[in-house]
Amino acid sequence: MTFEVINDNPLILRLLEEHDMLSPAQKAELTRTRRRFLNTAEEALVGAGILDEETVARLHAEHLSVQRVTLEERDGKDIVVEVRPDGARRDIGPIEWVVDTVRDLAERIGEPTCRKNLLMPVAVRGDKAVLACINPSHFKGIEEARMRAGCVVSATAAPVSLVHELSRQVFGSRDAVAEIARENTSDVVEEESDSVNVVDLQRSIPVSKESQVLRYVNQMLARAIDDGASDIHVEGYESGVRIRFRVDGRLLEIPAPPRGVFQAIVSRLKILAKMDIAEKRIPQDGAISVRHLDKRVDLRVNTVPTVYSEKVCIRLLEKESIPDDLTPLGFTPKQAEDFIQAANSHNGLMFVTGPTGSGKSTTLYTCLKMINNPEDNIVTVEDPVEYRFHGLNQVHVKSSVGLDFASALRAFLRQDPDKIMVGEVRDTETAQICMRAALTGHLVLSTLHTNSALQVVNRLVDMGVEPFLLGPALRLVEAQRLGRRLCPDCKEGYRLPGDVAARYGLEGEIEIFRAVTGSSCERCRGTGCKGRVGLYEVIPVGSTLSDLIAKGADQSELKRAARAEGQLFLEDDIRRKVTAGVIGLEEVAEYIRVES
């Protein structure tokens with residue numbers, strides 16, 4: 001089956017338009033049918049009652065000058081008949097005999113290939129196989145069948161019912177994946193504004209043999225949104241299933257379904273994410289948009305084959321959660337002012353650093369949201385594009401087709417950009433292009449994986465950027481981490497002894513706060529923490545630092561100079577948030593422990 005609605009113009013529709021055989025009302029009905037049932041154009045035409053299946057097959061055969069096959073009833077038997085372009089007819093044989101004849105070849109081609117490309121072998125003649133195809137112009141699918149069959153194949157046009165009947169008799173009557181795909185339509189609504197299918201998690205699901213799977217997936221996604229999860233992990237093992245949510249940075253296990261429905265759940269998610277459900281050997285990426293109550297959430301879906309099954313990881317992205325200012329993320333007013341001032345520069349380099357999962361993308365998207373205006377041409381190169389914003393020209397990197405960060409950057413430099421956001425500087429070539437862009441009048445924002453802001457200098461020099469060029473180009477470097485925010489309703493204060501406080505650079509015996517777990521607090525549900533807060537160091541690169549970088553100064557010199565200018569480092573921001581009761585000491589102790 002073909003489950004993805006493709007906004008294309010298939011051959012059959014072009015033929016109908018040429019013959020003026022579709023009225024405006026029929027075109028609208030055809031569009032609705034394709035979207036609702038995720039069908040091919042041929043299946044939708046037949047299903048909507050616009051054309052009978054024999055006419056569809058005949059139009060294909062006449063245009064492509066190929067033979068067609070059909071099914072005739074004679075003496076209570078269904079006979080497969082071959083019809084040549086000149087109208088001559090030849091019996092292939094009763095359908096039961098045909099099934100027995102082609103079974104070995106069909107199994108060699110494989111059920112996924114046959115079902116996905118809507119074709120079935122209908123005859124074997126020496127070293128040549130005859131394929132019955134709903135769409136004989138689908139050359140990619142026919143070539144895939146030829147390679148798997150290992151022989152010459154001849155494509156013929158066939159009615160929809162014949163291909164499905166052959167498939168049913170060879171592979172079995174139940175195509176679970178197709179059933180899930182069709183059931184999937186009950187909770188999908190069409191967004192007229194952007195033509196994106198949005199799954200409504202609140203819609204009722206009709207009772208059917210697959211409704212258990214559909215209901216479980218909807219409930220799982222709804223619960224993840226309610227719990228504020230950032231990721232969902234769906235994992236299958238030899239004898240069981242594990243479902244985990246990442247909430248406030250920690251993985252929490254939830255009740256899992258039986259192992260027997262695991263594959264159906266994975267298929268459901270892959271269908272919604274518009275992935276190839278027949279392909280289980282390679283990683284795949286996809287996306288889903290869902291609506292839950294008053295929220296619309298975009299889901300980024302990734303599958304990876306593991307020993308026992310495919311593992312599915314879902315990233316939840318709520319665009320409305322991107323604030324209009326940096327201070328809600330945890331920036332101080334001074335840090336936020338320095339950051340946005342640098343982002344409004346006409347040229348130069350800005351880097352946001354930190355480990356994976358430290359909120360770098362959120363910081364950059366918030367910044368882009370703040371500086372987005374009609375006067376600037378802002379372009380982004382990302383892998384993948386997580387949030388989509390009006391006014392930003394965003395490119396999703398696809399290395400498999402040669403579109404990597406470096407090639408996308410080179411192309412964008414010919415697009416008259418003012419500001420460029422690069423998802424990550426991963427290699428020397430990308431670093432050099434970013435450097436050249438900054439020196440030729442563009443502002444470049446990007447990320448690096450370093451432990452501190454000033455380590456950006458060493459990393460870029462290691463990538464081949466000359467210090468005398470880097471110093472004048474840098475506008476700001478920032479480093480960040482994420483910590484769990486203490487629940488304001490149930491956190492408790494306690495006195496920290498002076499000797500313990502000294503170990504963490506805190507002065508004297510002070511009162512700080514810690515999480516209370518296992519309470520009846522409704523806000524945090526007894527976890528003691530609610531949400532996360534950023535921990536930052538923001539270092540503007542002024543003339544002093546710029547000169548030191550250009551001269552190749554080491555990290556200690558750069559840090560002393562930044563301290564002399566009154567800049568706060570990561571450990572300073574952490575201590576400030578600990579003493580203010582925003583975060584617990586045990587959460588961040590590793591970052592501020594003072595060496596004895």
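Just so it is clear, the values below take in all heavy atoms, side chains as well, and ignore hydrogens, waters and symmetry mates.
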Measure the spacing between [atom1] of [X] and [atom2] of [Y] and express it to the nearest 0.5 Å.
X	Y	atom1	atom2	answer
I232	I243	CD1	CD1	8.5 Å
I288	M275	CD1	CE	7.5 Å
L326	T362	CG	OG1	11.0 Å
E478	L448	CD	CG	12.0 Å
H346	K419	NE2	NZ	7.5 Å
R560	T544	CZ	OG1	14.0 Å

Any side-chain heavy atom of [X] within less than 4.5 Å of one from [Y]?
X	Y	value
L403	V395	yes
F351	T450	no
F412	V381	yes
L535	I583	yes
T380	F389	no
F245	M220	yes
Q284	D276	yes
K369	D324	yes

Checklist entry - If you look only at pairs with a residue in residues 329-352, which of them pass as a salt bridge (charged side-chain N to carboxylate O under 4.0 Å, His left out), with sequence neighbours excluded? => result K334-D338
So, for [X] and [Y], which heavy atoms are closest and what is the spacing to 0.1 Å?
X	Y	result
S556	D554	OG-OD1, 2.8 Å
A336	T327	CB-CG2, 4.1 Å
R575	I592	NH2-O, 3.3 Å
L316	A224	CD2-CB, 4.0 Å
C529	T527	O-OG1, 2.9 Å
Q480	P355	O-CD, 3.9 Å

Does this structure show an ion pair linking [X] with [Y], if we count only N-O contacts that are shorter than 4.0 Å?
X	Y	result
R532	E587	no
K559	E571	yes
D573	K577	yes
D547	K551	no

Item to check | Aromatic ring pairing F339/F331, orientation class (parallel under 30°, perpendicular over 60°, tilted between) | outcome: perpendicular
Checking the side chain of [X] only, and the main-chain atoms of [Y] only, is there a donor and an acceptor separated by less than 3.5 Å?
X	Y	value
Q555	L454	yes
S546	G471	yes
Y536	L329	yes
D572	F569	yes
D298	A287	no
Q567	P540	no
E537	A453	yes
N373	I371	yes
R475	N347	yes
N344	I340	yes

Next on the checklist: The test is side chain to side chain contact (heavy atoms under 4.5 Å, CB included); show your working for S452 and T353 and say whether it passes.
Outcome noted: CA-CA 7 Å; S452 70; T353 72; over 6 Å; no
Next on the checklist: List the residues meeting side-chain contact (heavy atoms from CB on, under 4.5 Å) with E424, not counting sequence neighbours, and say none if there are none.
Outcome noted: R426, T447, H449
Checklist entry - Does the side chain of D285 pick up a donor-acceptor pair with the side chain of N302 at under 3.5 Å? => result yes
Checklist entry - Take atom CD in E522; do more than 12 heavy atoms of anything else shown fall under 6.0 Å from it? => result no
Next on the checklist: Please evaluate residues R481 and N451 with respect to the criterion side chain to side chain contact (heavy atoms under 4.5 Å, CB included), reporting the C-alpha separation (whole Å), side-chain torsions for both, the decisive distance (0.1 Å), and the verdict.
Outcome noted: CA-CA 10 Å; R481 303 290 188 275; N451 291 325; 4.1 Å; yes
Next on the checklist: With side chain to side chain contact (heavy atoms under 4.5 Å, CB included) as the criterion, how do L409 and V444 come out once you've worked through the C-alpha distance, each side chain's angles and the decisive distance to 0.1 Å?
Outcome noted: CA-CA 10 Å; L409 267 173; V444 180; 5.8 Å; no
Item to check | Criterion side chain to side chain contact (heavy atoms under 4.5 Å, CB included) on I225 and V290, from CA distance to verdict | outcome: CA-CA 10 Å; I225 295 170; V290 300; 3.9 Å; yes
